[in-house]
Amino acid sequence: MPDLPKSIITFGAGLMSAWAEFRLRRPALPGQKKAFRELVARLAFTEQGRACGLKSTTSYAEFSRNVPLRTYESFVPQIERMKRGEADVLWPGQCSFYITSSGTTTGRAKCLPVTHDMAHHFRRAGLDFLYYYTQRVGHAGIFQGRQLFLGGITTLAPIPEVAPFEAWIGDLSGISAFNMPRWVEKHHYEPGEEIASMADWPAKMQAIAERTLHRDIALVAGIPNWLLSFAQIMRTRATRGRAAPLNLQAIWPNLECVMHGGTSIAPFLTELQQACGPNVIFHEIYPSAEGFIAAQDKESSRGLRLMTDTGIFYEFLPLADYDESRLDQLGEKAVPLHGVKPGVNYVLLMTTPAGLCRYVIGDVVRFVTTKPPRLIHVGRTQLRLNTLGEHVIEKDLTDALTKVCHDHDWQITNFHVALLTDNSFTGQQHGRHEWWIELRPGTVVTPTGPVLETALDAELQRLNENYKVKRQAGGLEPPLVRLVIPGVFEHWMRTKGKWGGHHKMPRCRPDRTIAGELAQIARFNAE
């Protein structure tokens, strides 16, 4: 493909951005109705569809009544058959490509099919992430320069055990790179195929810094904590011999956008703003291995706009009704988009062109507006604290710690919260939240555990009424904070193979699996 003048590239991007704005102006419900009709028509020709009695004329009421809600584990036997070449199992035809998730919720990576139609979704929705930004800012400046994506390994590996059928597997970065439009790959994509395929994350970051130091970078994308780590590496390399560290905009004058997703940016926002530069615009997206879900639009302060016309059908089950042990009885309690209400926590369900039908992806969302539909991610079904009836979700914990640290000018490196329980002689269960927190060195006033405990307790009571009631009634003891030395969380993530790329630290668990492992690491480091 010959090089094209930037003016032509920008003109084309501007046209596509205008088309994205036209789509955003349309009502959301027709896009969901179209997605439902098309998905059901295809599912009717599969083993899964026949088992549920699906036909191309199936109504939503029939679909809701006859198709059960399912978690990943119930799909595994069918996915294993698809990997060996069986056709028409979950989706018409065979499937040769599979994606691995980061395994944040369960600790085990999922293996999800990527059919031809699912690949089309990733390609279309991935471009929409960019077009939503251009629509938001009113220009297509990010297409004047290069776009740097800090992701995982982009190489797809063959699956040897499924021979003679040929199938490949990779993470979200690999699938996205494989389905990238040629014009994006040639004129915009960084860090290039060779570096993007590197498995060694520290070496990869150094290679990216060396390659891009003198390139015209207009956009950087990644998970917030890895973005911050890379920014520090980049600034160190560019600042050699200078009195003061440069920010990224001083290194890349045309840098205008930092695209982030995967976890809350709030704990890292102040540092990222300082590291990137005063004029950088932060643009949030909501990607997952199951599909690209939402992105910021013009109303950037009001949640993320649900992407309703990229081929996925969404349903929402009130979190108050969620019980994983009886999913087969909850199908009719889920509502489509037109049935949601602002301010309610919902378990997100997806029916996708990969054949995942009424799939419980494990995320909990809350709508801030319904016309148009904008939502926020508030946590995960399995990663919340409710053993003692406190109903604390990931967003509560993140918001509380972010506020406390902001008030005291402390900077967060990582954290995790677990429940610490004991039984009294009367048999009544008591407990408290145990916080494992690593703060960045260099604060003017060094925090202590008791100070953090008091502040976090007060802030959580302000944010969460259920927590407040439990605390005041004595059913929940004051929190316990364990400040760990630098490197404990890095050690944990490295030992789990989760250092870099698309991996995220689970913010809380109802059990003590991670807390126990952090305790062992902290004890080892202290000796």
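For clarity, every value in this text was computed on a predicted model and none was experimentally measured.
A donor-acceptor contact shorter than 3.5 Å links the side chain of Arg512 to the backbone of Leu419. A donor-acceptor distance shorter than 3.5 angstrom exists from the side chain of His416 to the backbone of Pro506, with no hydrogens or angles considered. A donor-acceptor pair under 3.5 Å is formed between the side chain of Arg235 and the backbone N or O of Leu246. In terms of modelled atom types and a separation under 3.5 Å, the side chain of Arg507 and the main chain of Phe415 share a donor-acceptor contact. A distance-only check finds a donor-acceptor pair linking the side chain of Gln296 to the backbone of Glu284 [under 3.5 Å]. Using a distance-only test at 3.5 Å, with no hydrogens or angles considered, no donor-acceptor pair links the side chain of Asp216 to the main chain of Trp252. The backbone N or O of Ala250 lies less than 3.5 Å from a partner atom in the side chain of Asn247, making a donor-acceptor pair. The backbone N or O of Lys341 sits less than 3.5 Å from a side-chain atom of Tyr346, completing a donor-acceptor pair. Under a 3.5 Å cut-off, the side chain of Thr369 and the backbone N or O of Pro372 do form a donor-acceptor pair. Remark: the backbone N or O of Pro373 is not paired with any side-chain donor or acceptor of Thr370 at under 3.5 angstrom.
Between Trp492 and Glu517, the side chains place a donor N or O and an acceptor N or O closer than 3.5 Å (distance only, hydrogens not considered).
Atom OG of Ser264 is separated from atom CG of Leu397 by 11.5 Å, given to the nearest 0.5 angstrom. Atom OG1 in Thr421 sits 7.5 Å away from atom CG in Leu388 (nearest 0.5 Å). To the nearest 0.5 Å, atom OG of residue Ser288 and atom CD1 of residue Ile99 are 8.5 Å apart. Put simply, CE on Met307 and CD1 on Ile312 are 9.0 Å apart, with the number rounded to the nearest 0.5 Å. Taken from CG in Leu112 to OG in Ser101, the straight-line distance is 6.0 Å, to the nearest 0.5 Å. To the nearest 0.5 angstrom, Ile195 atom CD1 is 9.5 Å from Leu148 atom CG.
Put simply, the side chain of Pro510 does not reach to within 4.5 Å of the side chain of Arg384, judged on heavy atoms. Between Asn254 and Ile217 there is no side-chain heavy-atom pair separated by less than 4.5 Å. Counting only heavy atoms from C-beta outward, the side chains of Ile281 and Val258 never approach each other to under 4.5 Å. Put simply, the side chain of Ile251 reaches to within 4.5 Å of the side chain of Met234, judged on heavy atoms. Between Asn414 and Ile437 the shortest side-chain heavy-atom distance does not fall below 4.5 Å. Two residues are said to be in side-chain contact when any heavy atoms from C-beta on lie closer than 4.5 Å; Thr413 and Glu490 fail this criterion. Contact annotation: the side chain of Ile265 approaches that of Phe282 to within less than 4.5 Å [non-hydrogen atoms, C-beta and beyond]. Counting heavy atoms from C-beta on, the side chains of Met259 and Ile285 come closer than 4.5 Å.
Classified by interplanar angle (parallel below 30°, tilted 30° to 60°, perpendicular above 60°), the ring pair Tyr133/His139 is perpendicular.
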Exercise for the section: List the steps, then state whether side-chain contact (heavy atoms from CB on, under 4.5 Å) holds for Phe292 with Phe122. Expected result: CA-CA 7 Å; Phe292 291 164; Phe122 280 124; 3.7 Å; yes
Problem - Verdict with reasoning, Asp407 to Lys403, per salt bridge (Lys or Arg N to Asp or Glu O under 4.0 Å) - result: CA-CA 6 Å; Asp407 289 346; Lys403 176 67 163 57; 2.7 Å; yes
Practice task
Check step by step if side-chain hydrogen bond (donor to acceptor under 3.5 Å, both in side chains) holds for Glu290 and Tyr72.
Solution key: CA-CA 10 Å; Glu290 292 84 359; Tyr72 170 72; over 6 Å; no
Exercise for the section: Please lay out, stage by stage, how His433 and Leu480 fare under the test side-chain contact (heavy atoms from CB on, under 4.5 Å). Expected result: CA-CA 6 Å; His433 292 168; Leu480 173 66; over 6 Å; no
Exercise for the section: Decide yes or no on side-chain hydrogen bond (donor to acceptor under 3.5 Å, both in side chains) for Arg509 and Gln382, but give the supporting numbers first. Expected result: CA-CA 7 Å; Arg509 283 188 68 94; Gln382 296 183 26; 6.0 Å; no
Handout entry: Intermediate values then yes/no, side-chain contact (heavy atoms from CB on, under 4.5 Å), Ile223 and His260
Key = CA-CA 5 Å; Ile223 292 176; His260 61 93; over 6 Å; no
Handout entry: Criterion side-chain contact (heavy atoms from CB on, under 4.5 Å) on Glu256 and Ile142, from CA distance to verdict
Key = CA-CA 7 Å; Glu256 63 171 273; Ile142 56 171; 3.6 Å; yes
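Between His283 and Tyr132, the distance separating the two ring centers is not shorter than 6.0 angstrom. Checked against a 6.0 Å centroid threshold, the rings of Tyr467 and His391 do not count as neighbours. A ring-centre distance under 6.0 Å is found for Phe367 and Phe316.
In this structure, Glu390 does not pair ionically with Lys470, as no charged nitrogen and carboxylate oxygen lie closer than 4.0 Å. Looking at Lys204 and Asp200, no side-chain N of the basic residue comes within less than 4.0 Å of a carboxylate O on the acidic one, giving no salt bridge.
Judged as a side chain to side chain donor-acceptor pair (under 3.5 Å), and not counting sequence neighbours, Gln147 has no contacts. Under the side chain to side chain donor-acceptor pair (under 3.5 Å) criterion, Trp436 pairs with Glu434, sequence neighbours left out. Taking the ring-ring contact (aromatic ring centres under 6.0 Å, His included) definition, one finds that His377 meets it with Tyr286, sequence neighbours left out. Applying the side chain to side chain donor-acceptor pair (under 3.5 Å) test to Glu477 and every residue at least two apart in sequence or in another chain returns nothing. Qualifying ring-ring contact (aromatic ring centres under 6.0 Å, His included) partners for Phe489, counting only residues two or more places apart in sequence or in other chains: none. Listed by chain and number, the residues in a side chain to side chain donor-acceptor pair (under 3.5 Å) with Arg302 amount to none (sequence neighbours excluded).
Tested against Thr381, the residues Thr71, Asp363, Ile393, Val347 include a single side chain to side chain contact (heavy atoms under 4.5 Å, CB included) partner, Val347.
Here the closest non-hydrogen pair linking Gly389 and Asn466 is O-CB, 4.2 Å. For the pair Leu255 and Gln249, the tightest heavy-atom approach, listed with the atom from each and the gap, is O-NE2, 3.0 Å. Residues Ile153 and Ser197 approach most closely at CG2-O, 3.4 Å, considering heavy atoms. Here the closest heavy-atom approach between residue Ala196 and residue Tyr189 is recorded as CB-OH, 3.4 Å. Considering all non-hydrogen atoms of both residues, Ala522 and Val488 come closest at CA-CG2, 4.4 Å. The two residues Pro224 and Gly261 have their closest heavy-atom pair at CD-O, 3.6 Å.
Heavy-atom contacts from other residues, nucleotides or ligands closer than 6.0 Å to CD of Glu194 number 12 or fewer. Counting heavy-atom neighbours within 6.0 Å of Glu210 CD, excluding the residue itself, gives a total of 12 or less.
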